[in-house]
Structures are given as C-alpha cells and as structure tokens.
Amino acid sequence: DVQLQASGGGLVQAGGSLRLSCVASGFPFEDYTIGWFRQAPGKEREGVSCLSSGDGRADYANSVRGRATISGDSAKNTVYLQMNGLKPDDTAVYYCAAGISNYRSNYPCQIAYDYYGQGTQVTVSS
C-alpha cells in the first residue's frame, strides 16, 4: 500500500522554525517527485515546494522562497521541508503528495500527483 505520512507540525511563534517530514512507502521513491502543499481554512490549496527524488531538482512557491528548504533522504524514503522565519500567514494544514517525475520539464513541481497523505497542522502565532 502507498503511504505518505507527514509530521513535524506544531504551534510556533512568528519568526520561528519548523521542519516537516514526509515518509513515503509503497512506490519507487527515486522515480517520484514529492510535493508539499498547504491549505488554510477558507483558502485554496497552495503548492509550497517539491523535490524530484531522482535528480534532486527542487522548486518553491514565491510565498516561501528564501524561507524554506526542501531536502530528501533516499535511504529513508523521506523528504523534509525546513521552514524558517515563519509568519502567521503560513498557518495551514501541510501535507505531502507524490507523482511520477517528469525529467523533461523545466518545472519539476508541475506534475500529476497520484498520491496524497494526511496533513500536519502548522500554526504560527503573532
């Protein structure tokens, strides 16, 4: 069975940091791109970042660029999202998703995501 398990969320003050983890299983990790998404109450889902596991390409939404770093550990089938300088606007449920990587595309995050995991709540207080 395919599983994507996100963890690492919590309550943090503005300016603080969190590291989110996404542990994947049930599919060939190296062939997939892992994306992080977030959704706040009353708002549309937003793509935050992604990592193409096979070639290491990554991309970020403008809203987190410069404050977020995505990385992966293929030995653990895990992708991390380090977020610094957190703002109240970052408050949302964060979840990870997986889709087959498209190595011919210049935009690694723009793929069809086949699998979605449950989320982890991030709350940033002002």
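We use all heavy atoms of the structure for the numbers below, so side chains are in, but hydrogens, waters and symmetry mates are not. Heads up: numbering here begins at 1 and tracks the sequence.
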Measuring only between side-chain heavy atoms, which start at C-beta, is S74 closer than 4.5 Å to E30?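 Of all side-chain heavy-atom pairs linking E30 with S74, at least one is under 4.5 Å.
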
Are side-chain heavy atoms of V79 and F29 found at a separation under 4.5 Å?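 Side-chain contact under 4.5 Å: yes.
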
Could you tell me how the ring of Y113 sits relative to the ring of F37: parallel (under 30°), tilted (30 to 60°) or perpendicular (over 60°)?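 Answer is perpendicular, since the angle exceeds 60°.
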
Check the angle between the aromatic planes of Y115 and F27 and answer parallel, tilted or perpendicular using the 30° and 60° thresholds.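 Rings of Y115 and F27: parallel, under 30°.
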
Disulfide (SG to SG under 2.5 Å) contacts touching residues 30-103 (sequence neighbours left out):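 For residues 30-103: C22-C96, C50-C109.
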
On a heavy-atom basis, which atom in [X] and which in [Y] lie closest, and how many Å separate them?
{"X": "G72", "Y": "L51", "result": "N-CD2, 3.5 Å"}
{"X": "S101", "Y": "S52", "result": "OG-OG, 3.4 Å"}
{"X": "T33", "Y": "P108", "result": "CG2-O, 3.8 Å"}
{"X": "A68", "Y": "L81", "result": "CB-CD1, 4.1 Å"}

For residues Y32 and V48: do they belong to one hydrophobic cluster (side chain heavy atoms under 4.5 Å, members Ile, Leu, Val, Met, Phe, Trp, Tyr)?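 They do share one cluster, since a chain of ILVMFWY contacts under 4.5 Å joins Y32 to V48.
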
Determine whether W36 and I100 fall in the same hydrophobic cluster, where Ile, Leu, Val, Met, Phe, Trp and Tyr are linked whenever their side-chain heavy atoms lie under 4.5 Å apart.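 In one cluster with W36: I100, yes.
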
Applying side chain to side chain donor-acceptor pair (under 3.5 Å), name anything that partners [X], two or more places apart in sequence or on another chain.
{"X": "D90", "answer": "R38, R67"}
{"X": "S49", "answer": "none"}
{"X": "D31", "answer": "none"}
{"X": "T123", "answer": "Q121"}

Tell me whether the count of non-hydrogen atoms from other residues, nucleotides or ligands lying under 6.0 Å of CD in Q118 goes above 12.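 Open: at most 12 neighbouring heavy atoms sit under 6.0 Å from CD of Q118.
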
Pairwise ring-ring contact (aromatic ring centres under 6.0 Å, His included) hits with a residue in residues 55-80, at least two apart: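 Not a single pair qualifies under ring-ring contact (aromatic ring centres under 6.0 Å, His included).
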
Take S63 and E46 through the side-chain hydrogen bond (donor to acceptor under 3.5 Å, both in side chains) test and state the conclusion after the steps. CA-CA 10 Å; S63 57; E46 177 187 17; 2.7 Å; yes

If a pair satisfies salt bridge (Lys or Arg N to Asp or Glu O under 4.0 Å) and one of its residues is in residues 48-58, list it, with sequence neighbours excluded.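 The answer is D55-R57.
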
Which residue pairs pass the salt bridge (Lys or Arg N to Asp or Glu O under 4.0 Å) test when at least one of the two sits in residues 93-107, sequence neighbours left out?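 The answer is none; no pair qualifies.
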
Can you name the residues that form a side chain to side chain contact (heavy atoms under 4.5 Å, CB included) with [X], not counting sequence neighbours?
{"X": "V23", "answer": "T78"}
{"X": "D89", "answer": "none"}
{"X": "V122", "answer": "L18, L20, Y94, V124"}

How far does CG of N77 sit from CG of L4, to the nearest 0.5 angstrom?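 Nearest 0.5 Å value for the CG-CG distance: 10.0 Å.
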
According to side-chain hydrogen bond (donor to acceptor under 3.5 Å, both in side chains), does anything in residues 1-21 pair up with another residue at least two apart or in another chain? List the pairs.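 Listed once each, the pairs are S17-N84.
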
